Amino acid sequence: MVQYREDYFEDCKALIESNYPYRNHVNKFIEYLSLPEVHLADTPREISKETVKKCIGYYHQKGEINSRKTMESHLESIKSFYDYLSRTGKWVDIFSDLDYSDFKDTIVKMYGLSEPIERGFFKCSDIQKILITLDDVIDSFEISSAGIRDEERYLQRIILRLFIKLTLIAPAKRNVITAIIRADIGNDFKKLRINDVEMNIPCGLSRDLKSAIRYAEKKNGSVIKENDNIFEFIYRYKGKFKGESLNAWFFNMNQDFDIIKGGKSKKSLAVEPIRNTAIKMMVNNMVNPILISRVSGIKLSIIEATYYPQTWRAEYNEDLNKSINRAIAQNDYYCYI
């Protein structure tokens, strides 16, 4: 494994330079495997997902991995290492057959890691500017004269636009949005099934989905299948899509267009406030928290404790899907989707 690590560092210099924690965390992983009581550095066949869990537990006991964020950084680094080993035929990818989101949640519960604090909200006017800017730069892009880097940025913005608009009509967690498959979207691109709720897809977003999929089908040389992940399929011809990349793409867009005031001075810009903004606007519109809970996946007790007075008593007798879609359509940004 030590030699594999050196090959990875040498062959993936550009990747590691742009993702500086990778080197540190992969080194930590190899150090753990080399411990006398572990002794797996020379026996890659015996390394499994359970080994990774125990590695995180080891560094948690040492006080070096105490939060979900640090754990995810450690896990992403090891996954990148195994992506390389699999891609080059050096070894199999031990992460290929798991639900990555569930795997992370299991580790968080296993070691009691701290969850991240919600990252605030955006103004509705900012949301509108983001959507208008993305529409303008994507629609005006000239693919025939674009270089490789320009085309990469174009593809990132296509995916970012879809993610933002989908989050605004269905404010679920990032990993839920990025797990949407073709079968979750109706054949006419007018309905989306998410968190067991059927959401209406506005005409603009329907157009964006069709356009992005057609573009990807042409680039991939294949037609999308019902069980294909939407985001992975669209990005496939460029590489492996990672939900964590959305923050970097969002940050890069704001660096180019300076939409979020003060954002250019930051080192990163998270997409989570987009979801928070959609939820907050539903609350401001006096939407029943039961509806918000169903579409967002957040426990009703948490929504009530966060947004509503103690005297609030939620009652619900209406048709679920109609009520949620009516509530989403009340938001000021809806006409831009």
Side-chain angles (χ1 to χ4, degrees), residues 116-141 153-174 176-178 180 192 194 199-209 211-212 231 243 245-289 291-293 295-298 303 306-308 323-337:
I117 299 172
E118 292 291 353
R119 305 186 193 184
F121 311 93
F122 291 133
K123 296 178 181 177
C124 185
S125 58
D126 288 337
I127 295 288
Q128 293 170 357
K129 289 177 185 176
I130 291 168
L131 296 176
I132 292 171
T133 300
L134 281 170
D135 283 343
D136 286 345
V137 297
I138 291 172
D139 293 344
S140 63
F141 183 74
R153 188 62 61 90
Y154 171 68
L155 184 61
Q156 291 174 4
R157 287 170 178 168
I158 286 177
I159 293 175
L160 185 61
R161 177 171 70 174
L162 290 181
F163 172 81
I164 291 173
K165 290 188 176 184
L166 286 166
T167 300
L168 290 173
I169 68 162
K173 290 182 179 180
R174 178 174 62 181
V176 175
I177 298 293
T178 55
I180 293 172
L192 168 66
I194 193 163
M199 306 298 301
N200 294 330
I201 298 179
C203 291
L205 177 53
S206 176
R207 176 207 64 190
D208 297 341
L209 282 164
S211 175
F231 293 95
S245 299
L246 289 166
N247 285 351
W249 298 350
F250 190 39
F251 172 78
N252 290 337
M253 190 200 78
N254 194 63
Q255 290 294 99
D256 289 341
F257 301 104
D258 195 22
I259 300 170
I260 308 299
K261 297 305 177 185
K264 291 194 75 170
S265 62
K266 298 178 181 296
K267 293 183 179 180
S268 64
L269 195 61
V271 295
E272 279 78 7
I274 294 168
R275 172 185 182 234
N276 298 343
T277 300
I279 292 174
K280 189 172 186 295
M281 290 190 69
M282 291 177 74
V283 171
N284 291 344
N285 289 332
M286 301 301 292
V287 173
N288 193 316
L291 305 181
I292 301 175
S293 174
V295 71
S296 68
I298 302 174
I303 290 177
T306 304
Y307 295 107
Y308 292 86
S323 299
I324 290 178
N325 282 287
R326 186 167 60 246
I328 291 290
Q330 292 177 31
N331 292 337
D332 292 343
Y333 56 70
Y334 193 78
C335 62
Y336 293 91
I337 303 177

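The chain is numbered in sequence order, starting from 1. None of the values given here were measured: they were computed from a predicted structure.
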Charged N to carboxylate O below 4.0 Å: is that the case for D256 and R157? yes
Salt bridge (charged side-chain N to carboxylate O under 4.0 Å, His left out) against D208, all qualifying residues, sequence neighbours excluded: R161, K165
Kindly write out the residues that satisfy side-chain contact (heavy atoms from CB on, under 4.5 Å) with A172, not counting sequence neighbours, or none if the list is empty. V176, I177, I194, N195
CD on Q255 to CZ on F251, rounded to 0.5 Å: 3.5 Å
Validation row: I279, S296 side chains within 4.5 angstrom (heavy atoms): yes
Is there a side-chain contact (heavy atoms from CB on, under 4.5 Å) between I260 and K129? Walk through the geometry before answering. CA-CA 9 Å; I260 308 299; K129 289 177 185 176; over 6 Å; no
To the nearest 0.5 Å, what is the distance between CG (D126) and CG (N254)? 9.0 Å
Output for pair (I169 CD1, I164 CD1), nearest 0.5 Å, gives 13.5 Å
Side-chain heavy-atom pair Q156, L246 within 4.5 angstrom cut-off: no
Is any side-chain heavy atom of I130 less than 4.5 Å from a side-chain heavy atom of F250? yes
Here the pair of heavy atoms bringing P171 nearest to R275 is O-NE, 3.1 Å
Could you give the distance from CG (L160) to CZ (F231), rounded to the nearest 0.5 Å? 9.5 Å
Should F163 and R174 count as side-chain neighbours, where that means a heavy-atom distance under 4.5 Å? yes
Is any side-chain heavy atom of P273 less than 4.5 Å from a side-chain heavy atom of F121? no
Looking at residues at least two apart in the chain, or sitting in another chain, which of them share a ring-ring contact (aromatic ring centres under 6.0 Å, His included) with Y154? F141, Y215
The reported gap from CD in Q128 to NZ in K123 (rounded to nearest 0.5 angstrom) is 12.5 Å
How long is the gap from CZ on F257 to CG on N252, to the nearest 0.5 Å? 11.0 Å
For the residue pair L291 and V295, establish whether any side-chain heavy-atom pair is separated by less than 4.5 Å. no
A side-chain contact here means heavy atoms from C-beta on lying under 4.5 Å apart; do L192 and L166 qualify? yes
